[in-house]
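Mind having a look at this structure? Questions to follow.
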Amino acid sequence: MMATSRMNHTPCCFNNLLRGKKAISTAFVIALSILVLPTPLLPQAVAQKQQCSATEADFNSDPALQTMKFDIGFGPQEFLAYVEPDVSLFYQEKAGSRKKQVPAHNGWAAKFVNMSTERVKLFWDPANGRPGNLQAYLDPFEASGTASFPTHKFYMTSFHNENEILARFEIKPPQSVYYYDPITIPGDDAATQANLDALSHEEFELYQTLVTSRDFGKEYFNFTGREYLSLYPRNAPSHKIWRADYFGQEHWVTSKETHFVDLPNEKELGGIKEKGRERKLMDHEPRLLPQYRSPEPYLNMTLKVISCAPRAFEINNFLSETEVNHIMFLTTGMKLHRSTTAGANKQIVGEEDSTSSTRTSLNTWVYRENDAVIDAIYRRAADLLRIDESLLRTRSPDEYPEIHTKSSMAEALQLVHYDVGQEYTAHHDFGYASIRNPNQPARFATLLLYLNEGMTGGETQFPRWVNAETRHGLNAEPKIGKAVLFYSQLPDGNMDDWSHHAALPIREGEKWLMNLWVWDPVYEH
């Protein structure tokens, strides 16, 4: 994502509207110039020494990235944008030889942006004369979102008066991002200037950011055919992304975190007491409790592409039977709670205590420090994702000092149980970070770990996967020890709307699985 300097350029949309405001601040322009660069937040030291089938060049030269040239008032700019390849290439055939199917599932991401100086409420409108369903509280210049469908209606109200409707929205394809902008008055420059003059310096800069992101989004859509769901400018992911060039493509990666084949006694397992750098294991050092593991020096993991857009992979035998049994045993001492849907979006109503009819499962959390088996699963996941394991735990001050937070970039493992009739309807794992957060953190990758099999129903479905054969969703069947990896972010830093996924309802039996969510560039609550 190359960017020319934006210094001494005023966006054209403000040229005649800044008489009462000074030109765009130097700090704002510098922030735009810095954030749009592709330089990873994490240094190359993140690359693991464990061998894998992909080279650094494979990770750094994604063929789906194309140079997009644009000018939104700061002078000529360039951006490496993700452009979805022709579906024929997913079958290793000549472009144009196949036709992309229109998915039967017509839902997609809907993002709502409050460009005002007041806190507002967002409602889903049942359009039947009944009161709306409160979806989110939106602070000034913040955004929230949900999965929605065509013709669904929403509206925003004053925070203190729900009868004062400020804006109405109807979901219409292909639009995903909807703005409430009471400051710019189309066709009335005088009123717009008066509104700009009334803004404080901080409010003005926040408003500028949203206007710039909105303008960039139009250029991005024209170039890629996708809405820009992130807040521009946002860096490309700092973590590596496995390529998914065609169906059935395979990658392999080795890990020294071999399978546990026997379970240590409770005293040996214990909890992880070491902190920070004390937990670092060098390549020549044995893994934790090696006497209980498979004797092979390495575990070979094969990632098989099951979907190219979104990028999704199956990894068989990620967990051993012993590890699965241990995780299941842990559940006997943990209280399961009704699952929430707010983990990725802090603007949502009720925040982390919210429950939703879209998700009817029960869940609890398992932390890496619980014991050596859980720690090994995190380390193995780091190798699979090509991430330094230290980024998935609390770090010492001298470990990646350039990263401002020492917290893990992964959430605790979420253990989930689905009984007959329970499900999680199609949703996204990513959310929308605060405009005031320069890192724009969001969920980057999801690793699903299946703990049982043999149920009827319960598949993980990607209802909008790009293919040329069927309008129906792609179903990943639960299998003991299997993992499914998919990415919520595109290689250009945009959120991947195609990462829509669902846990289909259980018709017979039950389902147990674990989720590991890894964030990029950092994990911030």
How close do L199 and Y207 get, heavy atom to heavy atom, and via which atoms? CD1-CB, 4.2 Å

Less than 4.0 angstrom from a charged side-chain N to a carboxylate O is my criterion; do D125 and R130 meet it? no

Report the C-alpha separation of E411 and W519 in whole Å, then their side-chain angles, then the decisive distance to 0.1 Å, and conclude whether the side chain to side chain donor-acceptor pair (under 3.5 Å) test is met. CA-CA 8 Å; E411 299 179 45; W519 288 56; 2.7 Å; yes

Does H404, at its NE2 atom, have more than 12 non-hydrogen atoms belonging to other residues, nucleotides or ligands within less than 6.0 Å? yes

Side-chain H-bond candidate by donor/acceptor type, Y82 with D496, under 3.5 Å: no

Worked verdict on Y232 versus D215 for side chain to side chain donor-acceptor pair (under 3.5 Å): CA-CA 9 Å; Y232 176 80; D215 291 344; over 6 Å; no

A quick test of your reading: do over 12 heavy atoms of other residues, nucleotides or ligands sit less than 6.0 Å from CD of E477? no

Minimal non-hydrogen separation, A147 against A426, with atom names: CB-O, 3.9 Å

Hey, can you tell me if H428 and F430 have their rings parallel, tilted or perpendicular (30° and 60° cut-offs)? tilted

Could I get the full list of salt bridge (Lys or Arg N to Asp or Glu O under 4.0 Å) partners for E164, not counting sequence neighbours? none

Is the closest side-chain heavy-atom distance between T117 and F141 below 4.5 Å? yes

Please report the interatomic distance CD(E205) to CD(E202), rounded to the nearest 0.5 Å. 8.5 Å

Would F79 and F216 count as a close aromatic pair, with their ring centres under 6.0 Å? yes

Got a second to check how far F59's CZ is from R386's CZ, nearest 0.5 Å? 6.0 Å

For atom CD of E508, is the number of surrounding heavy atoms from other residues, nucleotides or ligands below 6.0 Å larger than 12? no

Walk me through whether M156 and I165 qualify under side-chain contact (heavy atoms from CB on, under 4.5 Å). CA-CA 6 Å; M156 285 184 186; I165 297 178; over 6 Å; no

Flag, side chain of H251 to backbone of Q249, donor-acceptor distance under 3.5 Å: no

Could you tell me which non-hydrogen atom of A381 sits nearest to which non-hydrogen atom of L516, and how far apart they are? CB-CD2, 3.7 Å

Going through the checks in order, is the side-chain contact (heavy atoms from CB on, under 4.5 Å) test met by E170 and H152? CA-CA 6 Å; E170 181 175 349; H152 275 202; over 6 Å; no

Do I306 and F313 have side chains that approach each other closer than 4.5 Å (heavy atoms only, starting at C-beta)? no

Decide yes or no on side-chain contact (heavy atoms from CB on, under 4.5 Å) for E219 and Y228, but give the supporting numbers first. CA-CA 9 Å; E219 300 287 339; Y228 193 73; over 6 Å; no

Enumerate, atom names and distances included, each donor-acceptor pair closer than 3.5 Å involving a side-chain atom of residues 104-112, sequence neighbours excluded.
{"residue": "W108", "atom": "NE1", "partner": "Q175", "partner atom": "O", "Å": "3.2"}
{"residue": "W108", "atom": "NE1", "partner": "S176", "partner atom": "OG", "Å": "3.2"}
{"residue": "K111", "atom": "NZ", "partner": "L229", "partner atom": "O", "Å": "2.8"}

Counting distance only, does the side-chain N/O of S230 pair as donor-acceptor with the main-chain N or O of G493 below 3.5 Å? yes

Taking the side chain as everything from C-beta on, heavy atoms only, tell me whether L447 gets closer than 4.5 Å to N515. no

Return the minimal non-hydrogen interatomic distance between W242 and A54, and the atom names on each side. CZ3-CB, 3.7 Å

If the condition is salt bridge (Lys or Arg N to Asp or Glu O under 4.0 Å), which residues does D245 pass it with, not counting sequence neighbours? R243

Would you say the side-chain atoms of S88 pair up with the backbone N or O of S97, donor to acceptor, closer than 3.5 Å? yes

Please enumerate all residues that pass salt bridge (Lys or Arg N to Asp or Glu O under 4.0 Å) together with D86, with sequence neighbours excluded. none

Report the distance from atom OG1 of T157 to atom NZ of K121, rounding to the nearest 0.5 Å. 6.0 Å

If you take the centroid of each ring, where Trp contributes its six-membered ring, are Y246 and Y91 closer together than 6.0 Å? no

Hey, are the side chains of D181 and R214 touching, using non-hydrogen atoms and a 4.5 Å cut-off? yes

Can you tell me if N467 uses its side chain to pair, donor with acceptor, with the backbone of T470 under 3.5 Å? yes

If we ignore angles and hydrogens, is there a donor and acceptor under 3.5 Å between the side chains of E510 and N452? no

Tell me, please, whether F154 has R168 positioned over its six-membered ring: NZ or CZ under 6.0 Å from the ring centre and within 45 degrees of its axis? no

Give me the ring orientation class for W365 and W517: parallel if the planes are under 30° apart, tilted from 30 to 60°, perpendicular past 60°. tilted

Show your working on side-chain contact (heavy atoms from CB on, under 4.5 Å) between R507 and V420 and close with a plain yes or no. CA-CA 5 Å; R507 300 193 300 276; V420 172; over 6 Å; no

Just so I know, are the side chains of Y178 and V113 near enough to count as touching, which here means a heavy-atom distance under 4.5 Å? no

Tell me, please, which residues at least two apart from W465 pass ring-ring contact (aromatic ring centres under 6.0 Å, His included). F247

What closest approach, in Å, do N114 and L138 show between heavy atoms, and which atom pair accounts for it? ND2-O, 3.3 Å

Please check: side-chain N/O of T224 versus main-chain N/O of Y220, any donor-acceptor pairing under 3.5 Å? yes

Does this structure show an ion pair linking R119 with E142, if we count only N-O contacts that are shorter than 4.0 Å? no

Between Y155 and F169, does the ring centre distance come in under 6.0 Å? no

is_close_aromatic(F486, H501), centroid dist under 6.0 Å: yes

Salt bridge (Lys or Arg N to Asp or Glu O under 4.0 Å) for E453 and K511? Distances and angles first, verdict last. CA-CA 7 Å; E453 59 188 48; K511 173 183 170 184; over 6 Å; no

Quick check: does any side chain N or O of Q440 sit under 3.5 Å from a backbone N or O of N437, one acting as donor and the other as acceptor? yes

Report yes or no: do Y450 and T460 form a side-chain donor-acceptor pair below 3.5 Å? yes

Roughly how far, to the nearest 0.5 Å, is the CE atom of M409 from the CD atom of E524? 9.5 Å

Which pairs, with at least one residue in residues 478-489 and sequence neighbours excluded, count as a side chain to side chain donor-acceptor pair (under 3.5 Å)? R234-Q489, E314-K482

Compare all side-chain heavy atoms of D492 with those of D62 and state whether any distance is below 4.5 angstrom. no

How are the rings of W512 and H417 set to each other: parallel, tilted or perpendicular (split at 30° and 60°)? tilted

Side-chain touch T209/I435, heavy atoms, less than 4.5 angstrom: yes

With a 4.5 Å limit on heavy-atom distance, are the side chains of E84 and W498 in contact? yes

CD1 of I315 to NZ of K304: how many Å apart, nearest 0.5 Å? 12.5 Å

Just by distance, with hydrogens left out, do E459 and N475 show a side-chain donor and acceptor under 3.5 Å apart? no

Taking all atoms of both residues into account, what is the closest heavy-atom pair of E93 and L89, and its distance? O-CD2, 3.4 Å

